[in-house]
There are 2 protein chains.
Amino acid sequence: MFSKTCEYAIRAMIYIAQKSKTGNRVGIKEIAQGIDSPEHFIAKILQDLGKKDLVQSAKGPTGGFYHDAQSLEKSLADVVRAIDGDKIFTGCGLGLKQCSEDRPCPIHNQFKKVRGEIKLMLENAKVGELSEELEQRLTFLKR
Amino acid sequence: MFSKTCEYAIRAMIYIAQKSKTGNRVGIKEIAQGIDSPEHFIAKILQDLGKKDLVQSAKGPTGGFYHDAQSLEKSLADVVRAIDGDKIFTGCGLGLKQCSEDRPCPIHNQFKKVRGEIKLMLENAKVGELSEELEQRLTFLKR
DNA sequence: TAAATAAAAGACAAAAATATCTTTTATTTA
DNA sequence: TAAATAAAAGATATTTTTGTCTTTTATTTA
């Protein structure tokens, strides 16, 4: 459904949200550990998310990644859009460039419906909220 | 959502269904043309689908690809499973290997629902039926 | 049976995604 | 201010996906 990059991105966002709720910053090493991802790879991804202001960071000792109030309010849809673009929300299921109401692919309408639900689901999933269930150990980010 | 390979596979299946309804076989060249795919690439894919008995073929002059009654009854779910496996039907949205009811990822339940709908949608989409709308030019497979 | 045709098969190439390693820059604190 | 720390940046490597080219095999028909 999502690229590996995007999966890591989502997991990291939620992990950082949980760990930085108390005001602490989290180092890249701990993040990679905590979400079971390649260290340098998730570092790149977070750099990217940082540029797009989905996550905050600080260099040097006591530095690391964290979320400000706005980032905590970001939805998974925001993350997906930042990494994978909006192909999943608007693209044709069969890969046609000009698939539309006027010139639909054979599964255009069925797909439209499903895509809408995926979008809704991701819009409603906020990073901050998801991190709370993680905190309570109701959900998991590894393995 | 699907791999390019899978997109081509679905498009080819529907195209062949339409073209072979009258008993004719369709050559790989015409298929590639008809669904706007690389010729040799779709050839490989059809070889694979052929081995899995989702499409029939014959060599030599008057040869080509076609569907028998059973293949026409195949669903897109069958095609997707043959090419991309069942990851899309059962895999974790965040890429966790052991995501389950007992040990769910942060979006396990929401995803489960969406996956179920995707599965249903694809199970209900039969190659033969989809080819009829194509025949009537209500749907399209190119561009 | 020979020539023509079309899929099957195998080898190779290019591009994209994923992953790793090294150097640089900014920041903190002793 | 020097040393330590941690992210940023850049370069490189590996793997997977996608796409191309060539040769072989099977089949038909003249």
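As a basis for the values below, the full set of heavy atoms in this structure was taken, side chains included, without hydrogen atoms, waters or symmetry mates. Numbered from 1 within each chain, the chains take letters A, B, ... in sequence-line order.
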Worksheet entry | B/K52 with B/D48: basic N within carboxylate O range, under 4.0 Å |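 B/D48 and B/K52: salt-bridged.
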
Fill in: Annotated protein contacts, base or backbone, on nucleotides 19-30 of chain C with a non-hydrogen cut-off under 4.0 Å, one of B, S, - each
BBBB--BBBBS-

Over how many whole Å does the gap from [X] atom [atom1] to [N] atom [atom2] extend?
{"X": "B/D48", "N": "C/dA7", "atom1": "CG", "atom2": "C1'", "value": "15 Å"}
{"X": "B/Y66", "N": "C/dA7", "atom1": "OH", "atom2": "P", "value": "12 Å"}
{"X": "B/L49", "N": "C/dA8", "atom1": "CG", "atom2": "C1'", "value": "14 Å"}
{"X": "A/I45", "N": "D/dA9", "atom1": "CD1", "atom2": "P", "value": "15 Å"}
{"X": "A/K51", "N": "D/dA7", "atom1": "NZ", "atom2": "C1'", "value": "12 Å"}
{"X": "A/I16", "N": "D/dA6", "atom1": "CD1", "atom2": "C1'", "value": "14 Å"}
{"X": "B/L46", "N": "C/dA8", "atom1": "CG", "atom2": "P", "value": "8 Å"}

Worksheet item: If you pin B/F65 and A/T5 to their nearest nucleotides in DNA chain C, which one's is more 5'?
Response: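 So the residue in question is B/F65.
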
Worksheet item: Using a cut-off of 4.0 Å on non-hydrogen atoms, how would the nucleic acid contact of A/V55 be classed: base, sugar-phosphate, or nothing?
Response: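 Answer is nothing: A/V55 stays at 4.0 Å or more from every strand.
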
Worksheet entry | Under the 3.5 Å Watson-Crick or G-U criterion, the dot-bracket string of DNA chain C, with | for inter-strand pairs | ||||||||||||||||||||||||||||||

Practice prompt. Indicate whether any N or O donor in one side chain lies under 3.5 Å from an N or O acceptor in the other, for B/D102 and B/S100.
Written response: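 Side-chain D/A pair, B/D102 to B/S100: absent.
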
Worksheet entry | B/A77: partners by side chain to side chain contact (heavy atoms under 4.5 Å, CB included), with sequence neighbours left out |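 With neighbours one apart ignored, the set is B/S75, B/R81, B/F89, B/L122, B/E123.
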
